[in-house]
Amino acid sequence: MSMKGLVPMGGPPPGGDPALGPMVVTERELSARVADLGAAIGSDYAGRPPLLIGVLKGAFMFMSDLAKTIPLPVEFDFMAVSSYGSATRTSGVVRIVKDLDLDLSGRHVLVVEDIVDSGLTLSYLSRNLLARGPASLEVCALLVKEGLQRTPLDLRYVGFTIPPEFVVGYGLDLDERYRNLPFICTYVGPEASSP
Ligand code: IMP
């Protein structure tokens, strides 16, 4: 794992929604870090532009902002997965809801993920994508929850390592809400501690 910074939790987010807890990553921190990641990807992939694979829905905002900062002719594809579990916990059983349109053979693939919690979703996806014969496969995860991974993962790019709290915003949801927040904060509403 490389390029991570542990984020201390901040004050309350703006807006007055009582279900939203402390700020975890501000809009300004997001744009600075995303630009750093884009520059690093640009230099690592010089001469072999990657195919970016966005994992929907959570990664849509990160993927869009990240792509604009990569100074290479990248291509895009998207996959949608759904993992079984409660509103705030993954079970690790993953179903592909929308598969890729493109063939991965011989491509330099960079998977763009919103958040790695247990790591079970990513571990499933990596195995599935590797079986399609890419020239290389790396992962860029915006967020990694500290210390929760139940499976060893090789994350080439990490935006922020955050405390093990349920978070929303910047693409991340709770039952489809809060994806459009321009920052990331903890969710402390009723479902926050459901099993
Ligand atoms: P994992 O399989 O436990 O690593 O969970 C990964 C997936 O669960 C992510 O791609 C998200 O869709 C979802 N997820 C995990 N933690 C959070 C969170 O704190 N907020 C919103 N979604 C989350």
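Note that these values count all heavy atoms, side chains included, but never hydrogens, waters or copies made by symmetry. For ligands, and for the atoms within them, numbers begin at 1 and follow the listed sequence.
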Within-4.5 Å side-chain heavy-atom neighbours: Thr69 and Ile41: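 The answer is no, as the side chains (C-beta and beyond) never meet within the 4.5 Å cut-off.
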
Gly119 N/O under 3.5 Å from ligand 1 N/O: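 Between Gly119 and ligand 1 (N or O atoms, distance only) the closest approach is under 3.5 Å.
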
Answer with yes or no whether [X] contacts ligand 1, where contact means a heavy atom under 4.0 Å from a ligand atom.
| X | value |
| --- | --- |
| Leu122 | no |
| Val168 | no |
| Lys145 | yes |

Using a 4.0 Å cutoff against the non-hydrogen atoms of Val167, which atoms of ligand 1 qualify?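 Checking each atom against Val167, I get 18 (C), 19 (O), 20 (N), 21 (C).
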
Can you sort out which atoms of ligand 1 are near Asp114, meaning under 4.0 Å from one of its heavy atoms?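 Counting from 1, the qualifying ligand atoms are 9 (C), 10 (O), 11 (C), 12 (O).
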
Worked verdict on Lys57 versus Glu176 for salt bridge (Lys or Arg N to Asp or Glu O under 4.0 Å): CA-CA 9 Å; Lys57 299 177 193 170; Glu176 301 302 331; 3.1 Å; yes

Can you list the residues that meet the side-chain contact (heavy atoms from CB on, under 4.5 Å) rule with Ala19, with sequence neighbours excluded?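 side-chain contact (heavy atoms from CB on, under 4.5 Å) list for Ala19, sorted by chain: Asp17, Tyr178, Tyr187.
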
side-chain contact (heavy atoms from CB on, under 4.5 Å) against Leu125, all qualifying residues, sequence neighbours excluded: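 Once residues adjacent in sequence are excluded, the partners of Leu125 under the side-chain contact (heavy atoms from CB on, under 4.5 Å) criterion are Val55, Met79, Val81.
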
Counting only heavy atoms, which portion of Asp173 has something under 4.0 Å from ligand 1: side chain, backbone, both, or neither?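 Within the 4.0 Å criterion, Asp173 contacts ligand 1 through backbone atoms alone.
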
Report the part of Leu172 in contact with ligand 1, treating N, CA, C, O as backbone and CB onward as side chain, heavy atoms under 4.0 Å; options are side chain, backbone, both, neither.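 Contact part for Leu172 vs ligand 1: side chain (C-beta onward).
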
Classify the ring geometry between Tyr45 and His108 as parallel (under 30°), tilted (30 to 60°) or perpendicular (over 60°).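 Geometry flag for His108 against Tyr45: perpendicular rings.
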
Could you go through the salt bridge (Lys or Arg N to Asp or Glu O under 4.0 Å) check for Arg33 and Asp65 one step at a time? CA-CA 11 Å; Arg33 187 72 186 121; Asp65 286 346; over 6 Å; no

CZ (Arg132) with more than 12 external heavy atoms under 6.0 Å: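 Atom CZ in Arg132 is packed in, count exceeds 12.
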
Closest by any non-hydrogen atom to atom 9 (C) of ligand 1: pick that one out of Asp117, Leu120, Ile115.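 The nearest heavy atom belongs to Ile115.
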
Per atom 3 (O) of ligand 1, closest listed option by heavy atom (Ala59, Ser118, Gly169, Ser123):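 Among Ala59, Ser118, Gly169, Ser123, the closest heavy atom to atom 3 (O) of ligand 1 comes from Ser118.
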
